[in-house]
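Chain letters run A, B, ... following the sequence lines, proteins first, then strands; residues in each count from 1.
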Protein chains: 2
Amino acid sequence: MAKKEIIIESALKLFSTKGFEGTSVREIAAEAGVNVAMISYYFGSKEKLFESVVEHRASFLKGVFADLVNNTSLSAIEKIDFIIDQTIERKLSNSQFQHILHRELSLEHRPQLRDAISDILLRNMDPVKIIIKNGINDGEFNQVDIELTLTTMLGTVHYLLTSDIMCRKILGKKEGFSPFQNKQLKKRLSEHTKQLMRSHLLNK
Amino acid sequence: MAKKEIIIESALKLFSTKGFEGTSVREIAAEAGVNVAMISYYFGSKEKLFESVVEHRASFLKGVFADLVNNTSLSAIEKIDFIIDQTIERKLSNSQFQHILHRELSLEHRPQLRDAISDILLRNMDPVKIIIKNGINDGEFNQVDIELTLTTMLGTVHYLLTSDIMCRKILGKKEGFSPFQNKQLKKRLSEHTKQLMRSHLLNK
DNA sequence: TTTAAAACTAAACAAATGTTTAATTAAAAT
DNA sequence: ATTTTAATTAAACATTTGTTTAGTTTTAAA
């Protein structure tokens, strides 16, 4: 792995556990095993390093639901099922990055970065909106509040993700339980959300 | 208002918009219109001031759902309706404080504070769990995943609350729209969540 | 009115911060 | 083999950080 990338990954790790202002460039340099000056040398500043971290990771989160809109072999609810599983998979396996994004989003300095982040998080929103809208127009779905239905889907996953402590307390698990690597949790979350969305969306 | 309280309120405001490490004691002192030394004088340290902020605000969030469990004049779903409205009301009118709590929760230093915060956030969880459980036992509710149903309720509200930017983008609103003071949003969120929970919980 | 405690201040403190400098080593190009 | 560019280093830079000090003013008690 290139040294530049090692720095980015080290920064990702530290930013996610200690926050941006809570992490010093010296800590990042130590974690990456490089000289402090290398950060200015490669990225120009701590802030620009942060932006590089976001860009680097965001590239993994490319839009994948766009194709789904015009897919005719799946019913609308089957598409929703697929979206739910993808969303859970992504968010759980990128929990560190999710923490960074949401934390930055809740802060009010660096407004242009906030804007970029909300774009990343909502990148997949439009296709899903259309899928729900089509489901409604075709009579397959009830006339639900589209935006808030989306909010519910994302919010359910995200709320569990807030912290391992929260997750354990919500689920009543013991100290040792590591929520974000747990396969059973993933399945449980998937089944709950799918069932929830079916009763919410499908005509009775 | 006592000077000590002015400091706490100033700290709340700054911590919520700039984060704990992103806010200096000098900024807090300036915002409160007091000498920097007063913060050490009253609270001992910046960290202890933070704890005071949390304590001070947490006292407003006393448990209010405990009585609801043994209330016999309301049906289970009516209790859920009440809980939804209360939760929305509380979270929206304390959005600054909610930001602080969730941000701290997603960080991994100050573990004992994290624990205290998750307790505050989940303080009302147990009575709600029991209400759902009773609803299931009485045959009024479907056999849902209790903990994740709760997660959905809290997560839906919380996800909108993440930031005004997110909220605007999700709802497709213009720049000027102030989500957290908006009455219409409150109503829309309330209706969506109630409807969602009814189709999820009630036997078909 | 005197005394004691509390509230408040400006200045100083050491430590940590992000960044730059100037020098050196390594790699690539000529 | 020589030159040029890139990578890397330790040290220094100026600020900012949270906190303390030592002194003053205000308030309350005796």
Worked check of side-chain hydrogen bond (donor to acceptor under 3.5 Å, both in side chains) between B:Thr149 and B:His200 = CA-CA 9 Å; B:Thr149 299; B:His200 178 57; 3.1 Å; yes
List in chain and number order the residues that pass salt bridge (Lys or Arg N to Asp or Glu O under 4.0 Å) with A:Lys186, two or more places apart in sequence or in another chain; answer none if no residue qualifies.
-> A:Glu89
Pairs in or reaching into residues 164-175 of chain A: which pass side chain to side chain donor-acceptor pair (under 3.5 Å), with residues at least two apart or in two chains?
-> A:Asp164-B:Arg114, A:Lys169-B:Ser118, A:Lys169-B:Asp119
Contact class for B:Tyr42 vs. all strands (heavy atom < 4.0 Å): base, sugar-phosphate, or nothing?
-> sugar-phosphate
Which nucleotides of nucleotides 15-20 of chain C have their base under 4.0 Å from a protein heavy atom (B), which only their sugar-phosphate (S), and which neither (-), written as one string 5' to 3'?
-> --BBBB
Pair B:His109, B:Glu21: side-chain N/O donor-acceptor within cut-off below 3.5 Å | yes
Residues which pass side chain to side chain donor-acceptor pair (under 3.5 Å) with B:Asp145, listed by chain and number, not counting sequence neighbours = A:Arg188
So A:Phe20 and A:Phe15, would you call those rings parallel, tilted or perpendicular, with 30° and 60° as cut-offs?
-> tilted
Is it true that A:Glu78 and A:Lys194 make a salt bridge, defined as a side-chain N closer than 4.0 Å to a carboxylate O?
-> no
Non-neighbouring partners of B:Glu55 that pass side chain to side chain donor-acceptor pair (under 3.5 Å), sequence neighbours left out = none
Shoot me the first and last contacting nucleotide of DNA chain D against chain A, ordered 5' to 3', at under 4.0 angstrom to non-hydrogen atoms.
-> D:dA6 to D:dA12
